[in-house]
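One structure is given below, encoded as structure tokens.
The sequence lines fix the lettering, A, B, ..., with proteins before strands; numbering per chain opens at 1.
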Protein chains: 2
Amino acid sequence: MDTSDTDAAQSMPPRERILAAAADLFYRQGIRAIGVDAIVEQAGTNKMTLYRHFASKDELVAEYLQREAASADRIWTDLAARHPNDPLAQLRAWFRDMSDHASSADHRGCALANAAIELPEEDHPARAVVREHKNGTRDRVVKLARAAGMTEPKMLADELFLLLEGARVTAQSVGREGLGARLVRMGEAMIAAHRG
Amino acid sequence: MDTSDTDAAQSMPPRERILAAAADLFYRQGIRAIGVDAIVEQAGTNKMTLYRHFASKDELVAEYLQREAASADRIWTDLAARHPNDPLAQLRAWFRDMSDHASSADHRGCALANAAIELPEEDHPARAVVREHKNGTRDRVVKLARAAGMTEPKMLADELFLLLEGARVTAQSVGREGLGARLVRMGEAMIAAHRG
DNA sequence: TGGAGATGTTACCGGTCGGTAACAATATGT
DNA sequence: ACATATTGTTACCGACCGGTAACATCTCCA
């Protein structure tokens, strides 16, 4: 029995196993709460190998967040494929997907936003990743809203964006019951209020 | 020179000095980032005295958050005094005050929400304080919206509440430029959309 | 088969974590 | 002046933190 390296022990190179273990532990338990020893144990490797691939824990954190951001950005190509040439449908599907995700049971907030709260030093390597991703997301929503013919696309994008960001922290701090449905109603109302 | 016990060294009893130092350090640097040694140093006392007044660091954290919650709740009596018998004005003033606060320079998010993110264990003593305060705040906004004659007061309260919660995390993760003015515009639009 | 490069093992570093024991100094009120 | 309760001091505890040196083992390809 055992080989209890929980998840990603098989066949992946150690760098990937470390990243996978870090993603799981950092997200679920918090970046500051997890030490490198816990990561290498779950990754089925050792500290020396970790430090041969990452200059420091901080750089491991930065790469963890970069992958989270890249993974989150994949939604834009998905959206374009699901609703080609229909920016309004893309906008509504985006908000619905994000609402569903924010209110799902295993959700523990946005990994990027949580990291910004856990790491208040503005010059931490992770903070640049967070700023870039959040600004990029906001820009894409503004573009979508404009392409969908919304009046005041920037204002609508801010409303939807802040609403989701608030939902992700609220899901953690108070709970998730009924949050998804309420979110969708609010988002739909805001989109409706911005149609010409 | 010195007596560099930065702030609250003079005349306050050590318990209050500890709480004051903890509030400052926990809020600005993060709960997990600050150790008890840093707190007692800034409070101008020592670890033994801290542990004579608090059973553990976790209970100090819980009391820190209780005081933050109580301090935040003082806005409700302020609001009633500033706009007696005018729930609509109270609602709008509440949102404006919260917007100003969320976008001010020294703001580092909501102390309660940040704590929930820093402490993922659902049974941490701090988490009950957070849940209670957030639910209480939401209830008060709902009541205000209902008293102000809003259609769907619960939905409006959720919109305003989540918008602010999102703004407080966004202020940290990306920045504060222009956030206050944009927030007020959004809040006013939402309130206007819920008037009969 | 051999040799290079990646990985694993063990032991260690100084520092800090939350928390405590024993004892000395101080304030307070009578 | 004395007893009491509150604080301060020093030293310590085991555990963990991020990070590294030296050396053994493995994989894989020429």
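Counting non-hydrogen atoms under 4.0 angstrom, A/L50 reaches nothing in the nucleic acid. Using a 4.0 Å heavy-atom cutoff across all strands shown, B/L60 reaches no nucleic acid atom at all.
A 6.0 Å sphere centred on CZ of B/R92 holds no more than 12 heavy atoms belonging to other residues, nucleotides or ligands. Counting heavy-atom neighbours within 6.0 Å of A/R15 CZ, excluding the residue itself, gives a total above 12. The number of heavy-atom neighbours closer than 6.0 Å to CZ of B/R195, taken from other residues, nucleotides and ligands shown, is 12 or below. Residue A/R182 qualifies as enclosed at atom CZ: its count of foreign heavy atoms under 6.0 Å is above 12.
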- Task: Evaluate the criterion salt bridge (Lys or Arg N to Asp or Glu O under 4.0 Å) for residue pair A/R127 and A/E132; output intermediate values, then yes/no.
- Result: CA-CA 9 Å; A/R127 294 298 298 267; A/E132 200 173 326; over 6 Å; no

- Task: Carefully, step by step, assess B/D106 and B/S104 under the rule side-chain hydrogen bond (donor to acceptor under 3.5 Å, both in side chains).
- Result: CA-CA 6 Å; B/D106 61 338; B/S104 70; 3.3 Å; yes

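In this structure, the separation between CG on A/N46 and CD1 on A/I18 is 8.0 Å, given to the nearest 0.5 Å. A/L79 CG to A/R140 CZ: the interatomic distance, rounded to the nearest 0.5 Å, is 10.5 Å.
Rounded to a whole Å, the CG atom of A/L25 is 16 Å from the C1' atom of D/dG18. What separates CD of B/E41 from C1' of D/dG8 is a distance of 15 Å, to the nearest Å. As rounded to whole Å, 15 Å separates atom C1' of D/dA15 from atom NZ of B/K57. Here D/dG18 presents its P atom at 14 Å from CD1 of A/I18, a figure rounded to the nearest Å. Atom CG in B/D37 sits roughly 14 Å away from atom P in D/dT9 (whole-Å rounding).
No side-chain heavy atom of A/Q172 sits less than 4.5 Å from a side-chain heavy atom of A/H107. Residues A/S99 and A/L164 form a side-chain contact, since some pair of their non-hydrogen atoms from C-beta on lies under 4.5 Å apart.
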- Determine, for nucleotides 7-14 of chain C in 5'-to-3' order, which nucleotides have protein heavy atoms under 4.0 Å from the base (write B), from only the sugar-phosphate (write S), or from neither (write -). BBB-----

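Tested against B/E165, the residues A/V174, A/L162, A/L163, A/V169 include a single side-chain contact (heavy atoms from CB on, under 4.5 Å) partner, A/V169.
Near-neighbour residues of DNA chain C inside residues 26-33 of chain B, defined by a heavy atom below 4.0 Å, are absent.
Overall, the helix from C/dT1-D/dA30 to C/dT30-D/dA1 carries an axis bend of 10° between its ends, with five pairs at each end and the value rounded to 10°.
A sub-4.0 Å separation between OP1 or OP2 of C/dG19 and a side-chain N or O of B/Y51 is present.
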